[in-house]
Asks: 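Quick one: this structure, given as structure tokens, is what I'll be asking you about.
We number each residue from 1, following the sequence as shown. First listed ligand is number 1; within each ligand, the first listed atom is number 1.
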Amino acid sequence: MALELRNEQREAIRQHSARDYPSECCGVLLGEADGDMKQLTEVVPLPNLRHDPTRAQELLPLDDPGRETEKNRFLIDPLEQLRVEKDARARGLDVVGYYHSHPDHPARPSNYDREHAWLRYSYVIISVERGSPKDLTSWVLAEDRSAFAPEQIERAD
Ligand SMILES: [Zn+2]
């Protein structure tokens, strides 16, 4: 599996992650999947619903809302997600994955990320250290959901 990423899309993710620091940013990745290759054509930044703890807690309750906040958790509004999916389909695109940032944490998926991931999608994670975007990685969930495997990122111009 590999994810093809153009420079402008990498830049869009980096800028979003810096803008939302010290909170986690999140968004949807649109493109076309062709066999083992996913071609990313659009980055859709979305608000992190964890900024609205009451609503977020209703949709997807956290075990420890005192410790888990928008700084280490993200949630995409299901209505926003539907809207983005519909709009993508109308234009012949697919949702190929999701991205989010790890403020002051490495660009590796957490257990929480794994428990809330779906099969087949690319999960792009960008680390942000003291406000500056650093590593960008991509991950795909194993079929048995036991772990994430790193996904190769191919640069395109
Ligand atoms: Zn995460």
Side-chain angles (χ1 to χ4, degrees), residues 1-6 9-31 33 38 40-85 88 94-155:
M1 294 290 270
L3 180 69
E4 195 181 286
L5 193 64
R6 288 206 309 270
Q9 295 150 350
R10 180 185 293 264
E11 205 40 46
I13 295 171
R14 287 170 60 87
Q15 284 177 14
H16 189 198
S17 73
R19 203 160 62 232
D20 283 16
Y21 181 88
S23 297
E24 288 198 5
C25 74
C26 56
V28 180
L29 304 171
L30 303 182
K38 292 180 200 134
L40 214 166
T41 57
E42 239 173 273
V43 170
V44 186
L46 291 174
N48 181 353
L49 199 61
R50 291 285 171 208
H51 278 296
D52 181 353
T54 314
R55 173 112 203 281
Q57 193 65 10
E58 276 168 20
L59 284 167
L60 186 63
L62 294 167
D63 295 337
D64 185 359
R67 208 181 52 79
E68 300 171 287
T69 67
E70 71 275 11
K71 292 193 173 70
N72 56 9
R73 297 284 183 263
F74 77 98
L75 182 63
I76 292 174
D77 189 327
L79 294 177
E80 287 274 332
Q81 166 131 7
L82 274 181
R83 182 183 61 77
V84 172
E85 271 175 24
D94 284 318
V95 174
V96 295
Y98 297 88
Y99 72 93
H100 71 285
S101 62
H102 279 182
D104 298 314
H105 277 281
R108 304 182 60 84
S110 63
N111 278 332
Y112 183 89
D113 290 335
R114 183 175 50 77
E115 283 162 14
H116 294 88
W118 295 304
L119 292 173
R120 288 190 309 278
Y121 293 105
S122 296
Y123 286 89
V124 166
I125 300 180
I126 182 162
S127 62
V128 191
E129 284 172 29
R130 280 169 284 147
S132 301
K134 298 285 182 212
D135 301 332
L136 190 144
T137 56
S138 184
W139 306 81
V140 178
L141 195 61
E143 287 290 328
D144 65 1
R145 305 188 55 90
S146 64
F148 266 115
E151 183 179 48
Q152 198 184 327
I153 297 180
E154 309 255 343
R155 299 189 83 132

Asks: Measure up the W139 and F148 rings against each other and bin them: parallel (under 30°), tilted (30 to 60°), perpendicular (over 60°).
Replies: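 Plane angle over 60°, so perpendicular.
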
Asks: Between I126 and Y99, is there a side-chain heavy-atom distance shorter than 4.5 Å?
Replies: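 They are not in side-chain contact.
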
Asks: Under a 4.5 Å cut-off applied to non-hydrogen side-chain atoms, are H16 and V43 in contact?
Replies: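 In short, these two side chains do not touch, never coming nearer than 4.5 Å.
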
Asks: Would you say that K38 contacts E4 through its side chain, given a criterion of any heavy-atom pair below 4.5 Å between the two side chains?
Replies: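 In short, these two side chains do not touch, never coming nearer than 4.5 Å.
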
Asks: If you measure from CG on L3 to CG on L136, what distance do you get to the nearest 0.5 Å?
Replies: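 Those atoms lie 9.0 Å apart.
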
Asks: Crowded around R145 CZ? As in, over 12 foreign heavy atoms under 6.0 Å?
Replies: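 More than 12 within 6.0 Å, yes.
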
Asks: What are the protein N, O or S atoms, given as residue plus atom name, that sit under 2.8 Å from the Zn ion (ligand 1)?
Replies: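 Listed by chain and number: H100 NE2, H102 NE2, D113 OD1, D113 OD2.
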
